[in-house]
Amino acid sequence: MADHSSESGKRPVKRVFIDADTGKQISEQTVVTDAKDVATRVTVKHVDATGEVGNKRPIAIALWVVAIIFEVLAAMSVMQSSPLYAKLPGNPLVWVVAFLVLDLICVIVAGQLWKKANHIDPPSEANKVEFFLKSQLGAILSVIAFLPFIILTLLDKDADKRTKTIAVVAAVIALAIGGGTSADFNPVSSEDLQAMQANAIELGDGTVYWTEHGTVYHLNPNCSHIINSATIYSGDAAAAYEHGLTRPCKDCARADGDETIKAMAEAGTVTEADAGEADEAATDEAETEDAEVDEAA
């Protein structure tokens, strides 16, 4: 039988997987591809979910307390009726901005620590209110760390107009930055993590793959989206989630059958829209096959 791989532009490429820790070869695979720059030697770094919550949450709470203290100091520096006003050396406006900046730094660090803890130990979705509060606590406390200052400054009739305007603008900007960096726009529950692990086991051997700058995890190391990557990280679903990867690659899911992505949608690891796309792809493929049969007849 003639080899048509050269005619179609495709060629077999050997990919060698190496354990980064031991330097030993893990496996060797041959894939047929038309990609121009396929990595022929792939370094696989296995990653375990070894992160610990530790003191992340207590430290975050302590930083939020400090942030509120800085908020109070900023308010006292701008309000002429406060005992602190004009008691600090230099321009009061400089102190106001300095306290707001320190407030913002505490808010950002606390928010990142809280989100990191949630990535290691996600909250349960059994109680919707509790899940929302735990997932978005960073954004909520960001509001508390700036909004009272904004309201008090705006209501202070004795405050210098110029100082008041600059202080309010600075606080609004800090609130936007602090809230934006602390909010979790893709919160995942402990139930979602369990579903991710179950899907990874059902669709493979429980191992998932991802790249350093990837936004999804892959079920197949030969997925077309990562086949050109020289370094691939592997681990279980918990390790992927700990690194901020909460969604599977849709193409990897489809490669295991049209029903796979539907099951994953039911488990909450992909959206129903993704499942709809899989249905459309399957329908288009079926229609194409029907058309080919009609032409042959």
Please work out whether the ring planes of W210 and Y233 are parallel, tilted or perpendicular, with thresholds of 30° and 60°.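 Answer is parallel, since the angle falls under 30°.
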Verify same cluster id: [X], [Y] (apolar side-chain graph, 4.5 Å):
X    : Y    : value
I140 : I68  : yes
V168 : L102 : no
I151 : V107 : yes
V101 : I166 : yes
F149 : V143 : yes

What are the two closest non-hydrogen atoms of [X] and [Y], and how far apart are they?
X    : Y    : value
K115 : A183 : NZ-O, 3.4 Å
A145 : E71  : O-CD, 3.1 Å
F185 : G180 : CE1-O, 3.5 Å
L63  : A110 : CB-CB, 3.8 Å
L100 : A171 : CD1-N, 4.0 Å
Y209 : I232 : CB-CG2, 3.8 Å

Within the 3.5 Å criterion, strictly below it, is a donor on E191 or S124 matched to an acceptor on the partner's side chain?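 Distance-only check passes for E191 and S124.
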Which value, rounded to the nearest 0.5 Å, describes the distance between [X] atom [atom1] and [Y] atom [atom2]?
X    : Y    : atom1 : atom2 : value
L104 : I177 : CG    : CD1   : 5.5 Å
L113 : N55  : CG    : CG    : 10.5 Å
F132 : L137 : CZ    : CG    : 10.0 Å
W64  : L141 : CH2   : CG    : 5.0 Å
C106 : I69  : SG    : CD1   : 9.0 Å
W95  : L88  : CH2   : CG    : 5.0 Å

Side chains of [X] and [Y], heavy atoms from C-beta outward: is any pair under 4.5 Å?
X    : Y    : value
P123 : N118 : yes
D121 : K134 : no
V216 : L245 : no
W114 : K56  : no
M79  : D158 : no
T211 : H225 : no
T163 : P92  : no

Donor-acceptor contact below 3.5 Å, side chain S142 vs main chain G178: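 Judged by distance alone, yes, a pair lies under 3.5 Å.
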K164 side chain to V78 main-chain N or O, any donor-acceptor pair under 3.5 Å?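 No.
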Ring pair (Phe, Tyr, Trp, His ring centres under 6.0 Å) with F146: which residues, sequence neighbours excluded?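 Ring pair (Phe, Tyr, Trp, His ring centres under 6.0 Å) check on F146 returns nothing, list empty.
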